[in-house]
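Protein chains get the first letters and strands the later ones, always in sequence-line order, with residue 1 at the start of each.
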Amino acid sequence: MARKIRMQNSPQQHTNKPSDTPLLEARALCKTAPGPDGDLQLLDSIQFNVATGESVAITGPSGSGKSTLLGLLAGLDTPTEGEILLAGSAFSTLDEDARAARRGDICAFVFQAFHLVGDLTAVENVMLPLELRGIKNPQAEAEQWLERVGLSKRTHHFPGQLSGGEQQRVALARAFALKPQLLFADEPTGSLDHANGQHISDLLFELNREQGTALVLVTHDLSLAERCHRQCQLDAGRLHE
Amino acid sequence: MSEFSRLLFRPWRDSAFRVLALSLFVASVSLTAILLLRAELESRFEQRTAEMLGGDIELDSARPEDPAQAELLKQYDTSRNVRFRSVLVEGDEILLVGIKAVDDQWPLYGSAHIAASRFADTTLIEHGPQQGEVWVAEQVLDRLQVKVGDSITIGSLALPISAVIRQEPDQGAGFYSMTPRVLMHHADLPSTGILAQGSRANFEVSVRTDNIDGLKNALEETLRPDQEIDTVGERQSRSLGPMRQMTLWISLGVLLIALLCGAAIYLTTSLRVARKARLAALLRTFGAPRAKILRRLLGEELIAILPAVVSGVVLGILLLLFTREVLGWSEPLAAGVSQWMAVCIAPFALFSAFALPRLSSLVQIPAIRVLNRTAEGTLRRNGLELAAALVGPVLLAALLMGSAFELLTLLLLLGGLGAVLPLLLWPALRLLERAASKWTVSRRLAIRRLSRRPATTLPLLAALSLAMTILTLAGLTGTGLLADWRQKLPDNAPNHFVINLFDADRDVLAEWQSQHNAKPEPLYPIVRGRLTEINDEPVREAVTKENDQAARALNRDLALTESATIPVSNQLSAGVWHGTTPGEVSVEKELAEGLQLNLGDKLTFVTSRGELHTNVTSIRDVDWESFAPNFYFMFSPGDLANEDVTWLTSFWLPEGDGQRLAQLMQALPHITLFDVNAILDQAQQIVKQASQATAVLAGLLILASLLVLSAALLSTARQRQADQALLRVFGAQKSLLRSINRLEFLALGLCAAGVAVLMVLMALMPLAALLFDGQVPGLRWLLLPPCLGVVVAAIGLFTLHRQQATPSQLLQDN
């Protein structure tokens with residue numbers, strides 16, 4: 001059984017050629033928020049799509065709406081106008097629970113602040129989404145992914161006992177363990193020093209290639225953005241490619 | 001709004017401050033009440049030790065002292081009193097009372113508290129009733145429906161009531177003092193006809209002297225076996241025991257409450273400090289010196305907690321006043337300046353130990369941190385906090401306890417509870433986590449939340465289970481235990497005991513019993529005697545006094561009896577029952593073990609007629625619960641033929657009016673009649689009051705535990721919200737999150753309830769074996785801990801209800 005799982009989950013080599021079918025599509029996306037002098041236009045008529053296996057970087061200055069856009073694309077929030085389609089089906093119009101279920105099936109996340117659960121060990125953190133998805137023997141799979149990110153000797157360490165780089169590697173293992181079709185990465189190197197940042201971005205793109213995962217990357221780091229197939233610039237709520 | 005009221009009320013908008021203030025309030029109530037109660041108890045105890053004894057030294061005998069002793073005592077101020085129990089009869093009402101016949105010298109110390117009528121003010125008076133009059137307690141007036149001026153009949157003498165006795169200086173403790181009191185003059189005693197040769201009474205000679213040791217030594221040389229000497233010093237150390245134990249356990253409960261509140265204060269202060277860190281850094285950038293920042297922030301906090309502390313202290317005082325009212329204490333409040341100071345200091349000591357060190361870390365914040373979001377993270381725990389957390393409990397315990405020895409005992413008990421309960425709970429929690437690995441994901445995650453935060457979970461579990469245990473036991477003992485036990489007594493079990501029957505009375509009693517359908521039990525001859533020698537060796541040397549029962553048996557006259565047949569409620573455990581063979585005795589098993597008596601041992605007793613020799617030929621197991629007369633020593637028939645014998649018996653009397661007993665008492669005024677139901681009613685009332693006090697303590701303990709729970713939830717709210725949001729990001733449904741929360745708090749509440757049920761059962765097992773034929777009594781009360789567990793879960797969920805997070809928060813947190 002263990003052998004079978006290993007076979008199923010071995011990181012596979014993929015060509016990095018994106019498909020033409022949009023995996024994620026945003027149509028005329030607008031987001032407003034109430035402000036002291038009336039509504040603020042955070043995002044304005046955003047058109048955006050990501051194909052299967054494609055990597056797209058979203059860059060922009062602070063306050064330009066990057067995190068807001070990422071939240072909308074991932075279904076963490078709902079747009080004021082427009083709609084989002086995920087894997088060809090309506091996504092943003094679903095209710096919160098339905099969006100969560102769909103997100104859990106297709107997407108994964110990597111955050112700037114890692115967001116590991118402090119009470120759980122590294123392996124338990126990786127197991128968490130697998131357990132939620134009801135995958136059998138999640139521990140074996142989690143350990144395999146930790147080995148893949150070079151943390152086989154740190155499986156039973158708690159996040160507080162790991163360095164920032166190590167924590168982000170656990171977060172990467174957690175994200176890829178789900179074998180997502182689409183990975184959202186929010187400033188994945190933002191909390192790391194240069195060397196660790198470099199290491200994490202190498203690992204991110206390597207796994208992205210191996211798994212054929214589409215990647216939506218929000219970053220300030222232009223060198224990181226340049227490693228993606230496409231770069232989009234968000235400025236004052238408008239997206240430019 | 002003035003600046004002061006702004007400082008006073010603004011912090012209440014902060015949920016962390018509300019929990020902090022509530023914690024201080026609960027701690028203030030508990031600490032104030034216990035400090036003042038302790039002062040009351042100590043004052044009442046000290047004031048009354050010498051008064052209770054009646055003198056500096058007391059000679060207590062079963063009959064009047066010998067002429068040689070009277071000669072020896074002549075040179076001292078003495079007071080001679082006789083104490084005995086009797087039944088008063090007025091119309092249909094009968095009442096067992098404790099009667100004291102006092103002479104003109106009584107009392108040597110203190111004053112009697114009397115009143116001219118039932119509701120009149122108390123007057124202090126330094127003599128007893130005059131010849132031809134009697135003073136009675138209020139219960140006597142109420143129960144017998146008489147008033148001051150009416151007459152009551154003691155034995156065959158009618159005496160008018162001239163005053164209400166509220167308190168005697170030498171009231172003493174024990175059964176005699178539990179019964180309603182009657183005081184009469186010593187000179188009236190012979191006319192009552194109550195006391196005759198062999199009657200059960202205490203003849204006391206109280207002596208006022210500075211030469212306690214000299215007189216004691218002189219008296220000891222003349223001491224008869226039925227006599228005892230008691231001195232102020234001995235009485236004080238003996239009587240202090242139960243009071244110390246009581247205050248020790250109450251203090252432990254209060255200290256636990258205070259420390260739980262302390263934990264809640266620490267957790268909530270940490271939150272408040274984190275919120276004030278930016279302000280502190282900002283003030284530093286404006287050039288404020290550290291001392292000024294500390295003064296401002298500490299000052300604000302100290303002003304803000306004042307309403308909580310003041311209202312807590314006031315409620316604590318009201319609680320004490322209520323207790324005094326219930327117990328009928330009418331003296332002025334006993335607390336002196338030092339106790340009132342302790343009342344004022346205690347809440348602030350708690351705050352200082354658990355909040356100030358954390359607050360003081362605000363001054364360590366460098367100004368540069370104002371630019372940095374991580375300023376909150378720089379508030380490291382410091383050595384001062386650890387020292388204060390260790391010193392704080394000791395300081396509070398020292399405030400609560402009177403001596404270094406008691407303080408040490410209290411700290412050891414606290415340490416024991418603090419270490420043992422979590423140590424027992426920790427493996428259980430780990431086992432639960434292991435078991436949960438095969439359960440559904442929601443159960444797994446819920447249990448993991450508990451097991452992975454042992455620093456929060458274990459103290460909470462320990463505190464909650466302890467509080468649930470105490471509350472359950474208090475409820476169980478207070479409302480049902482005695483009643484359940486009484487219900488379990490067999491039908492027609494004897495409900496009246498009669499002692500001090502003489503030979504001639506036996507026929508009168510038998511006739512009366514048959515008239516009123518009373519079910520008689522066997523009559524036993526009683527001879528009062530004291531065991532003096534075992535195998536010709538003085539018993540005080542032959543036996544160590546380590547065994548309580550043995551020590552008690554050696555220090556008093558025992559009721560010796562004889563019988564040819566073994567009572568139904570006794571079973572032979574060793575040897576052969578003597579039957580009619582003379583010169584043999586059967587000994588109760590536990591006493592035989594305590595005195596290390598074996599078959600074949602030769603025993604010597606001293607009675608009013610001289611020495612009595614016998615041999616141990618059998619050992620008996622006695623069912624003390626049978627409500628039949630039971631004896632430590634049962635002699636062969638005829639062995640007590642030459643002694644001063646009175647008779648003892650019991651009988652069951654069907655429900656009916658008191659007129660029947662009144663007839664018996666009129667026919668036999670010298671007998672002593674015990675109404676078992678009346679005694680049990682009184683005991684039930686005392687147990688009920690004690691359990692109500694315990695329930696208040698347990699209620700406060702539960703409240704303190706819930707405060708810690710709320711504080712812990714507040715302090716981990718951020719982390720919890722992040723965890724919840726993360727699960728949402730991973731695709732978890734809302735129902736799953738709700739289910740995890742529900743299961744987490746249910747598991748916490750029900751685990752505590754499970755431990756509480758176990759502890760209650762462990763506490764009840766010995767009682768079940770002793771009194772309930774192995775069946776655990778009051779099983780319905782075991783439902784209380786699970787119900788409380790559900791309440792705990794509901795409160796936890798309610799607190800959490802306002803901490804919902806949205807998944808997009810994870811992005812904004814970056």
Side-chain angles (χ1 to χ4, degrees), chain A residues 31 62 66-78 95-121 124-125 127-135 138-139 158 171 174-175 177-178 180 184 186-188 190-191 218 220, chain B residues 372-374 377 429-430 433-434 436-458 712 715-740 744 804-814:
Chain A
K31 180 72 180 176
S62 288
K66 298 192 296 297
S67 291
T68 307
L69 177 58
L70 192 66
L72 291 178
L73 295 176
L76 305 182
D77 201 357
T78 48
D95 67 27
E96 207 178 331
D97 267 350
R99 288 203 309 276
R102 198 143 172 72
R103 182 167 60 235
D105 285 342
I106 296 176
C107 312
F109 264 91
V110 177
F111 302 97
Q112 178 182 350
F114 325 132
H115 287 309
L116 299 180
V117 182
D119 304 323
L120 303 184
T121 60
E124 286 167 343
N125 264 290
M127 281 164 63
L128 188 59
L130 299 173
E131 287 179 297
L132 285 176
R133 198 178 275 186
I135 287 173
Q139 181 156 0
F158 287 94
R174 181 175 68 183
L178 282 168
F184 293 103
D186 184 19
E187 299 279 11
S191 295
V218 166
H220 278 103
Chain B
N372 192 333
R373 283 196 67 186
T374 59
L429 204 59
R430 296 294 297 176
E433 187 191 334
R434 192 165 292 180
S437 65
K438 294 184 179 67
W439 298 347
T440 59
V441 65
S442 54
R443 291 180 193 172
R444 254 197 327 268
L445 293 178
I447 298 296
R448 223 184 261 166
R449 272 194 191 162
L450 292 176
S451 63
R452 294 307 170 84
R453 292 168 187 165
T456 314
T457 306
L458 289 178
S715 64
T716 55
R718 210 178 153 86
Q719 182 61 46
R720 274 180 172 274
Q721 285 171 349
D723 292 352
Q724 300 265 41
L726 196 63
L727 289 174
R728 286 295 274 168
V729 166
F730 292 153
Q733 305 289 290
K734 273 183 184 169
S735 57
L736 179 77
L737 300 187
R738 278 198 297 268
S739 171
I740 293 171
E744 178 189 354
Q804 300 300 332
T806 54
S808 54
Q809 186 182 321
L810 294 180
L811 302 171
Q812 289 153 11
D813 276 358
N814 286 345

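- Only the side chain of A:F158 has a heavy atom closer than 4.5 Å to any heavy atom of chain B.
- Interface remark: of the candidates A:A100, A:P180, A:G75, A:A100 forms the most heavy-atom pairs closer than 4.5 Å to chain B.
- Residue-environment remark: CZ (A:R102) exceeds the threshold of 12 foreign heavy atoms within 6.0 Å.
- Contacts between residues 444-454 of chain B and chain A, counted as heavy-atom pairs separated by less than 4.5 Å, involve B:R444, B:L445, B:R448, B:R452, B:R453.
- Evaluation of the salt bridge (charged side-chain N to carboxylate O under 4.0 Å, His left out) rule for A:K66 yields no partner, not counting sequence neighbours.
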B:L726 and A:L116: CA distance, side-chain angles, deciding distance, side chain to side chain contact (heavy atoms under 4.5 Å, CB included) verdict: CA-CA 9 Å; B:L726 196 63; A:L116 299 180; over 6 Å; no
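- For A:R174, the part sitting under 4.5 Å from any heavy atom of chain B is the side chain, from C-beta outward, and nothing else.
- Contact of the B:V729 side chain with the A:F111 side chain is registered, since non-hydrogen atoms from C-beta on lie closer than 4.5 Å.
- Listed for the A:R103 side chain is a donor-acceptor partner under 3.5 Å among the backbone atoms of B:R728.
- Rounding to the nearest 0.5 Å places NZ of B:K734 at 6.5 Å from CG of A:D97.
- Contacts between B:L727 and chain A at a heavy-atom distance below 4.5 Å involve backbone atoms as well as side-chain atoms.
- For A:A98, the side chain to side chain contact (heavy atoms under 4.5 Å, CB included) partners at least two apart in sequence or on another chain are A:L94, A:D95.
- Looking at residues two or more places apart in sequence or on another chain, you find a side chain to side chain contact (heavy atoms under 4.5 Å, CB included) between A:I135 and A:L130, A:R133, A:E141.
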